[in-house]
Amino acid sequence: MVAVAPQLEHTVICLPPKADGRGDEQLHFEIDGKPKAVSLCIGRIRKDLVLGLPEVALDLIEIAAFVYAIDSSVSRGGQTDQQMGTKWHRRFHVSLPVRNLALWSAPELQQTLEETLMFLSGDRFTFDFSQMEPSVSVAEQYFDFGQETAWQPDSVLMFSGGLDSFAGALEEIIDHKHKVALISHFSATKIAPIQRDLQKHMAAKLGPQMLMHFPMRVQLKRGTNVEGTHRTRSFLFAALGMATAIAFGQQRVSFYENGVVSLNLPPVGNVLGTRATRTTHPQTLQRFEALFSLIFRRALRVDNPFFWRTKTDVVQTIARLGMADQIAFTRSCADVHNQTKQHPHCGRCSQCIDRRFAILAAGLAAHDPEEAYRLDLMTSPRERVQDKEVALSYVRSAFAYEALNAADLISQYPAILNAVDSLGEPPDTASKRIAELLRRHGTYVASAFRNALSAQRAIAFAANSLPDLYGSIQREQLFLSHTPVSEAQIKEAEVVDLVIDKRRAKLTINGAVQIKGAAFALLDILATEFLKGVGQGLDPLDYPPLAAEKLAGLLNAESPASVRQNINRTRTQIGKKFISAGLDPETGQEIIENLPWKGYRLRPDRVRVRYSSEK
């Protein structure tokens with residue numbers, strides 16, 4: 001047996017911020033005696049809001065910035081699994097001064113913080129907090145104040161400048177009529193203009209009062225940016241967003257990211273857990289929510305309204321909202337430092353590949369010019385081994401997802417279990433919905449791939465291009481032996497008819513199941529909201545849910561908790577009635593859908609709703 005070297009624990013000493021700092025404040029620290037630094041500047045927030053921030057908000061910002069910088073300062077060992085992965089999982093013991101020592105020293109908060117970072121990064125952080133001297137607790141040291149204004153947001157969104165966050169901002173403004181605060185974290189100077197220009201385009205078309213941009217610059221100083229995986233970046237991003245939300249008196253921060261990326265199942269065998277990013281993973285957001293609620297001692301929300309959408313769904317949302325012409329101005333590429341005006345996308349990284357497939361699947365290639373990619377998705381040769389594997393792994397995964405069924409989901413992708421319990425759904429329902437999400441994504445990608453192949457003879461593709469790499473055997477199977485079942489065919493048999501008879505206070509499902517009493521009252525309210533979505537001509541994915549708090553008021557229930565109990569009882573009742581009627585009980589239990597962090601609705605892809613015409 002080969003002995004495994006014990007994991008080295010790195011000693012980190014964080015120094016207090018300078019008392020006289022103004023803007024672009026530098027935070028200094030030492031790792032194993034070596035000096036490091038990170039600078040931080042938060043822009044455009046009003047001075048009166050900053051001065052009203054609780055001290056724990058400043059503590060949170062500093063802790064998150066230190067963690068991000070510490071994560072970046074120690075290498076994990078390189079791009080491949082070296083030395084059995086002994087360098088991937090690291091240990092840090094961090095000594096750090098804070099303003100509110102009593103709060104940060106509480107065992108529950110420390111445990112929640114450390115477990116959150118462990119899940120997010122795969123690393124072990126332990127903290128030894130000390131009391132910061134009052135003289136250095138300057139509230140405004142990290143802020144570049146904006147002009148005084150009474151502007152107030154309805155929603156706070158994390159805004160990267162990519163397709164998903166752009167679509168999320170549009171949906172909040174156009175569909176929900178919300179004024180939106182866009183929170184952007186950037187470290188590369190090439191990203192800041194992209195975010196700023198997108199905001200200007202939206203303001204010009206939607207109105208300047210509907211959104212405001214809050215750029216936050218975090219710059220790792222020389223010698224600090226050693227590790228490029230940045231597993232803890234989203235902790236810093238979320239902390240900056242929540243601090244801004246608290247300043248505005250808001251209780252919620254939203255990450256808009258499609259569910260396939262949020263799950264981000266590793267496609268390559270030697271990709272360890274820390275490299276399969278968990279930036280917007282459901283459990284990550286749930287842990288952020290619990291941590292921030294403990295820190296600020298109030299119920300806060302960190303959500304992802306796009307979890308049940310694919311990248312193609314997101315692109316289609318942008319087109320539906322009339323902003324397809326802005327797609328070309330969004331950026332998805334991970335290789336920020338090598339971006340040029342001619343080629344803002346490398347075409348090699350998984351983000352570029354994902355983006356291009358989604359654009360093609362949505363039929364919007366005209367809004368995403370080929371020349372924007374250094375490597376064209378289908379025609380350019382991929383010479384580097386890593387580039388070949390990234391592209392092939394993406395396509396292999398998509399074809400595997402296309403054939404996926406819920407029964408095999410956990411056995412094929414056991415990492416899914418990390419998400420199932422964090423979605424607010426019964427485990428069986430969550431697993432089935434995840435399988436459907438992945439299958440829909442696979443169908444979109446596979447269809448785009450087949451369409452590209454059918455438009456050009458296989459032999460015409462260059463050597464080492466993606467079609468050539470995929471291989472002649474796979475192509476023959478694609479056209480000769482594989483006849484995919486369309487998404488519509490898959491779902492048609494599972495759609496049920498709901499007929500509401502308000503006069504008799506009953507609901508009939510498929511002409512065979514009758515629902516009365518408390519269950520009818522609940523379903524009647526959800527059906528009314530469902531028909532509003534139909535009447536407004538919304539895409540089914542955008543049909544509005546009702547928050548548990550609002551449902552409680554409409555049902556005269558005691559609390560949101562009693563609403564959730566009512567929903568669980570109704571699901572169980574429907575399932576039992578479906579069994580008695582010889583129908584699939586799972587289909588019945590899926591009629592009511594829970595959108596994590598948003599509320600409940602009748603599931604648009606499972607029901608048709610109408611009112612009874614009987615007298």
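Below, each value reflects all heavy atoms present in this structure, side chains not excepted, and no hydrogens, waters or symmetry copies. Computed from a prediction, not measured in an experiment: that's the story for all the values here.
F125 is linked by a ring pair (Phe, Tyr, Trp, His ring centres under 6.0 Å) to F92, counting only residues two or more places apart in sequence or in another chain. Among residues two or more places apart in sequence or in another chain, the ring pair (Phe, Tyr, Trp, His ring centres under 6.0 Å) test is passed with F127 by F129. Take D421 and apply the side chain to side chain donor-acceptor pair (under 3.5 Å) test, not counting sequence neighbours, and it matches no residue.
Ion pairing between K177 and E171 fails under the 4.0 Å rule for side-chain N and carboxylate O. A salt bridge is defined here as a Lys NZ or Arg NE, NH1 or NH2 lying under 4.0 Å from an Asp or Glu carboxylate O, and K432 with E425 fails to meet this definition. Taking the charged nitrogens against the carboxylate oxygens, R99 and E62 do have a contact shorter than 4.0 Å, which makes a salt bridge. We find that D175 and R320 are joined by a salt bridge, their nearest charged nitrogen and carboxylate oxygen being less than 4.0 Å apart. A salt bridge links D303 and R252; the closest N-O separation between the charged side-chain nitrogens and carboxylate oxygens is under 4.0 Å. Between R297 and E108 there is no salt bridge, since none of the side-chain N atoms of the basic residue sits less than 4.0 Å from a carboxylate O of the acidic one.
Counting all heavy atoms, side chain and backbone alike, P344 lies closest to C333 at O-CB, 3.8 Å. Of all heavy-atom pairs between P153 and F248, the closest is CD-CD2, 3.3 Å. Considering all non-hydrogen atoms of both residues, K221 and V38 come closest at CG-N, 4.2 Å. Among all heavy-atom pairs drawn from A419 and L263, the shortest one is CB-CD2, 3.6 Å. Contact detail for L49 and A247: the closest heavy-atom pair is CD2-O, 3.3 Å. Contact between I194 and G161 at its shortest, heavy atoms only, is CG2-O, 4.4 Å.
Listed for the D368 side chain is no donor-acceptor partner under 3.5 Å among the backbone atoms of A328. Of the possible donor and acceptor atoms, none in the side chain of T112 sits under 3.5 Å from a partner among the backbone N and O of L291. No donor-acceptor pair closer than 3.5 Å links the side chain of N418 to the backbone N or O of Q283. T284 contributes a side-chain N or O that, together with a main-chain N or O of R278, makes up a donor-acceptor pair within less than 3.5 Å. A distance-only check finds a donor-acceptor pair linking the side chain of S293 to the backbone of E289 [under 3.5 Å]. Of the possible donor and acceptor atoms, one in the side chain of D59 sits under 3.5 Å from a partner among the backbone N and O of N100. N566 places no side-chain N or O within 3.5 Å of a backbone atom of V563 that could act as its donor or acceptor partner. For N594 (side chain) and G424 (main-chain N/O), a donor-acceptor pair under 3.5 Å exists by modelled atom type.
Screening residues 155-164 for side chain to side chain donor-acceptor pair (under 3.5 Å), with sequence neighbours left out, gives S155-E172, S155-H178, S160-S165, D164-N258, D164-K311. Sorted by first and then second residue, the salt bridge (charged side-chain N to carboxylate O under 4.0 Å, His left out) pairs involving residues 525-534 (not counting sequence neighbours) are E529-K532.
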Open item on the list: Under the criterion side chain to side chain contact (heavy atoms under 4.5 Å, CB included), I'd like the reasoning laid out for S39 against V218: C-alpha separation, chi angles, the key distance, then a yes or no.
Closed with: CA-CA 6 Å; S39 66; V218 181; over 6 Å; no

Open item on the list: For a side chain to side chain donor-acceptor pair (under 3.5 Å) check, start with the C-alpha distance between N304 and S262, then their side-chain angles and the critical distance, and finish with the verdict.
Closed with: CA-CA 9 Å; N304 176 10; S262 292; 3.1 Å; yes

TODO: Just do the side chain to side chain contact (heavy atoms under 4.5 Å, CB included) check on I45 and F145 with the steps written out, would you?
DONE: CA-CA 5 Å; I45 299 182; F145 298 121; 5.8 Å; no

TODO: Verify side chain to side chain donor-acceptor pair (under 3.5 Å) between Q199 and Q195, making sure each step is shown before the conclusion.
DONE: CA-CA 6 Å; Q199 182 267 336; Q195 297 167 346; over 6 Å; no

Task: Derivation and outcome, side chain to side chain donor-acceptor pair (under 3.5 Å), residues S332 and R355 - done: CA-CA 7 Å; S332 305; R355 173 193 175 97; 2.9 Å; yes

- [ ] Take R309 and T317, measure what side chain to side chain donor-acceptor pair (under 3.5 Å) needs, and give me the verdict at the end.
- [x] CA-CA 10 Å; R309 304 193 197 186; T317 296; 3.1 Å; yes

TODO: Kindly determine whether I183 and F159 satisfy side chain to side chain contact (heavy atoms under 4.5 Å, CB included), including the steps that lead there.
DONE: CA-CA 5 Å; I183 313 301; F159 185 70; 6.0 Å; no

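Residue M132 holds its CE atom at 10.5 Å from CG of L15, rounded to the nearest 0.5 Å. Considering OG1 of T116 and CZ of F288, their distance stands at 7.0 Å, rounded to 0.5 Å. Remark: Q111 CD to L294 CG distance equals 10.5 Å, nearest 0.5 Å. The distance from atom CD of E227 to atom CG of D123, rounded to the nearest 0.5 Å, is 9.0 Å. Rounded to the nearest 0.5 angstrom, R571 CZ and I591 CD1 are separated by 10.5 Å. Remark: L206 CG to I174 CD1 distance equals 5.0 Å, nearest 0.5 Å.
Considering only heavy atoms from C-beta on, T330 stays 4.5 Å or farther from I318 through its side chain. In this structure, the side chains of I246 and L300 come closer than 4.5 Å at one or more pairs of heavy atoms. Using a 4.5 Å cut-off on side-chain heavy atoms (C-beta onward), I327 and L163 make contact. For the pair V94/C14, a side-chain contact is recorded, criterion being any heavy-atom separation below 4.5 Å from C-beta on. Taking 4.5 Å as the limit, every side-chain heavy atom of K36 sits out of range of all side-chain heavy atoms of H28. Side-chain atoms of L602 and L523, non-hydrogen and from C-beta on, do get closer than 4.5 Å to each other. Residues V156 and S254 fail the side-chain proximity criterion, which asks for heavy atoms closer than 4.5 Å. Within the 4.5 Å cutoff, side-chain heavy atoms of L265 are placed close to those of L438.
Close placement of the H185 and Y68 rings is indicated, their centers lying within 6.0 Å of each other. Within the 6.0 Å centre-distance limit, the rings of Y543 and F530 are counted as a close aromatic pair.
Using a 30° and 60° split on the angle between ring planes, F214 and W151 fall in the tilted class, from 30° to 60°.
With hydrogens and angles left out, the side-chain atoms of S72 and H230 include a donor and acceptor closer than 3.5 Å.
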Donor-acceptor contacts under 3.5 Å from residues 551-562 side chains, at least two apart:
| unit_1 | atom_1 | unit_2 | atom_2 | d |
| --- | --- | --- | --- | --- |
| S559 | OG | A561 | N | 3.4 |
| S559 | OG | S562 | N | 3.4 |
| S562 | OG | E558 | N | 3.4 |
| S562 | OG | S559 | N | 3.1 |
| S562 | OG | S559 | O | 2.6 |

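F143 pairs with exactly one of L51, L40, I42 by the side-chain contact (heavy atoms from CB on, under 4.5 Å) rule, that one being I42.
A cation-pi arrangement, defined by a distance under 6.0 Å to the six-membered ring centre and an angle within 45 degrees of its axis, is present between R233 and F237.
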